[in-house]
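Remarks on the structure that follows.
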Amino acid sequence: MRGPERSRNAAYLARNDPRTYVAQVGEHNAEWLLSLDEPSGITRKGKAAVTLTAAAVAYMQQRPYLHDCHINAAITQIFFEGEPYPVSQC
C-alpha cells in the first residue's frame, strides 16, 4: 500500500477508537486542515486550534514526511512544512 491508500486504511482501522486530540496550529493552518476532503474527523476548536478524531490522526500519521502536513508517531506534534505544532489528547 502506498500514499493515500495507506492513509485511508489507517483511518479505517482506527474508526472505533474513541480518543480525540487537540492541535494548536494557528489560524491559517486550522483553515487549511478544515478545507481538506480527507480525512474526516477534523473540527474547529477556537480560532487557532482543531480537534481531531483518532481516525483523522491515524490518517495524518501515514502521510509522507515531505507532504504538506503529518503527525508524528508519538502524537505529540503536527508538522506543517517542517514547522512543529503541539498536539495533546483530550
* Residues in side chain to side chain donor-acceptor pair (under 3.5 Å) contact with Q24, at least two apart in sequence or another chain -> none
* Structure fact -> Rounding to 0.5 Å, atoms CG (L33) and NE2 (H28) come to a distance of 10.0 Å
* Hey, what do you get for OH (Y59) to CD1 (I42), rounding to the nearest 0.5 Å? -> 9.5 Å
* From L52, D17, T20, residue fulfilling side-chain contact (heavy atoms from CB on, under 4.5 Å) relative to V57 -> L52
* Would you please name every residue forming a side-chain contact (heavy atoms from CB on, under 4.5 Å) with E27, sequence neighbours left out? => R44, K47
* **Counterpart residues, side chain to side chain donor-acceptor pair (under 3.5 Å), relative to T76 (two or more places apart)** => N72
* I75 vs Q61 side-chain heavy atoms within contact, under 4.5 Å -> yes
* Structure fact -> All heavy atoms of A56 vs all of G41, minimum pair found to be CB-O, 3.8 Å
* Looking at CD1 of I71 and CD1 of I78, how far apart are the two atoms once the value is rounded to the nearest 0.5 Å? -> 4.0 Å
* Structure fact -> Taken to the nearest 0.5 Å, the spacing of L13 CG from Q62 CD works out to 9.5 Å
* Minimum-distance pair of heavy atoms, taken over all atoms of A48 and A30 -> C-CB, 4.5 Å
* Does R19 reach the main-chain N or O of A54 with its side chain, forming a donor-acceptor pair under 3.5 Å? -> no
* Between E83 and N29, is a side chain to side chain contact (heavy atoms under 4.5 Å, CB included) present by the stated rule, with each step listed? -> CA-CA 11 Å; E83 183 76 25; N29 291 331; over 6 Å; no
* Asked: Which atoms form the tightest heavy-atom contact between G82 and P84, and what is the distance?
  -> O-CD, 3.5 Å
* Asked: In terms of hydrophobic clusters joined by side-chain contacts under 4.5 Å, are W32 and V25 together?
  -> yes
* Asked: Mind checking whether F80 and Y85 have parallel, tilted or perpendicular rings, split at 30° and 60°?
  -> perpendicular
